[in-house]
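Letters A, B, ... mirror the listed sequences (proteins, then strands); counts begin at 1. Side chains are part of it too, since the values below use all heavy atoms of this structure and drop only hydrogens, waters and symmetry mates.
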Number of protein chains: 2
Amino acid sequence: MYRIGELAKVCEVKTDTLRFYEKHGLLAPSSRTESGYRIYTQTDADRLRFILRAKAVGFTLAEISELLSIELDKANWACADVKGLVDDKLSHVEQKIAELERFRRSLSSLSQACCGGPESAEHCSILEALETNCDQIRCENHRHDAKQTHKQ
Amino acid sequence: MYRIGELAKVCEVKTDTLRFYEKHGLLAPSSRTESGYRIYTQTDADRLRFILRAKAVGFTLAEISELLSIELDKANWACADVKGLVDDKLSHVEQKIAELERFRRSLSSLSQACCGGPESAEHCSILEALETNCDQIRCENHRHDAKQTHKQ
DNA sequence: CTTGACCTTAGATTTAACTCTAAGGTTTAT
DNA sequence: ATAAACCTTAGAGTTAAATCTAAGGTCAAG
């Protein structure tokens, strides 16, 4: 049995976060004291740790809600459902990594092109690259390309 | 000379975006027609392309503001200043990639552990991993660790 | 019996970068 | 001369996940 501050401390989150999770249907305390204080059981704490682990692998709170509803009704779900969620997330993460890798390569090549010295920036290769359509900058990165190109 | 819709079209952004950039001090049209329509010059268009290239390498609009103020006053800045901005961004991007790589590894190992079949999720390895403190989930990822650990 | 730590609520604020809405004025083509 | 396409403004909404504020109630220690 924990009060909100105690559970927050053992799980290293803020009390605000626990209230936020409650408001969003992820984690409600099993009961309240007469005066209205939240009382969390060990089961509640386990559920919180489930949430935090899911966050640690990159799931959003909305996705965690899905996972939790499966978790509470396992018998009516298949492994395929769970693996589907994981694989969707995985491909999303991989896409994001690819975008950041493009950033990294561009930035790294910009950085290498610049002397980085105390010289005036008047002939700085970085600025020149940003002024020009150059191959140091990979531009295949319009995030919501389809939407962008379509309407507008 | 472009009106807002024309510039938007050639640069593949929305008119909303151009107004937004103006409101935030990144790009103002050089003049207006009598009736108040924005008129952008070629110089304005070049500036917009500078902004879009900077976005394409991952800079935020706030960072792009900095770059632009350097760009407009190059003589009073050193290469070191410009390279500093790029290198800061680079290390930030690398940190973000590292976090996503942790997500990717965790998700991938969760995915591999699960049969993904039509079997009931009652013994799903993914759910079991999320229920337990297991090594498939790399938890060294508290984003703003210092802050988190400090107060609260 | 009061101080300080803890708890309650509702609601506002934060961040980033747009995106959308409403209500209306302007230009261009037919 | 009128319809379509374009433009104007101010301001609200979106997303995610908290974080903060104000105003106040509860509880244990000294």
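The interatomic distance linking B:H24 (NE2) with C:dC18 (C1') rounds to 9 Å, in whole Å. If you measure from atom CZ of A:R32 to atom P of D:dC27, you get 14 Å, rounded to the nearest angstrom. D:dC7 atom P lies 5 Å from atom CZ of B:R3, rounded to whole Å. Rounded to whole Å, atom P of C:dC18 lies 10 Å from atom CG of B:L26. Distance OH (A:Y40) to C1' (C:dC7): 11 Å, rounded to an integer number of Å. Following rounding to the nearest Å, A:L18 (CG) and C:dC7 (P) show an atom-to-atom distance of 10 Å. Atom P of nucleotide D:dG25 and atom CD of A:E34 are separated by 18 Å, given to the nearest angstrom. In this structure, B:R19 places its CZ atom 16 Å from P of D:dG11, rounding to the nearest Å.
Side-chain atoms of A:Q95 and A:S91 include no donor-acceptor pair closer than 3.5 Å. For the 3.5 Å distance criterion, the side chains of A:D46 and A:T43 fail to qualify, holding no donor opposite an acceptor. For B:Y2 and B:Q42, the side-chain atoms include at least one donor-acceptor pair closer than 3.5 Å.
Between B:K14 and C:dC20, a side-chain N or O to OP1/OP2 separation shorter than 4.0 Å is present. Applying the 4.0 Å criterion to OP1 and OP2 of D:dA18, one finds that A:K55 has a side-chain N or O inside that range. A sub-4.0 Å separation between OP1 or OP2 of C:dT8 and a side-chain N or O of A:R38 is present. Residue A:S35 has no polar side-chain atom (N or O) positioned under 4.0 Å from OP1 or OP2 of C:dT8.
Which of C:dC18, D:dT9, C:dT8 sits closest to the side chain of B:L61 comes down to C:dC18. If you check C:dC6, D:dC7, C:dC18 against the side chain of B:Y21, the one that comes closest is C:dC18. Here the nucleotide nearest the side chain of B:Y37, chosen from C:dT19, C:dT26, D:dA17, is C:dT26. Picking from C:dT8, D:dT8, C:dA17 the nucleotide with the shortest atom distance to the side chain of A:I4 gives C:dT8.
Between A:D16 and A:R19 there is a salt bridge, since at least one side-chain N of the basic residue sits less than 4.0 Å from a carboxylate O of the acidic one.
The 5' end of DNA chain D is approached more closely, in terms of each residue's nearest nucleotide, by A:T17 than by the other of A:T33 and A:T17.
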Report task. Starting from the C-alpha separation in whole Å, work towards a yes-or-no answer on salt bridge (charged side-chain N to carboxylate O under 4.0 Å, His left out) for B:E131 and A:K74. Result -> CA-CA 13 Å; B:E131 287 156 17; A:K74 287 181 178 185; 2.8 Å; yes
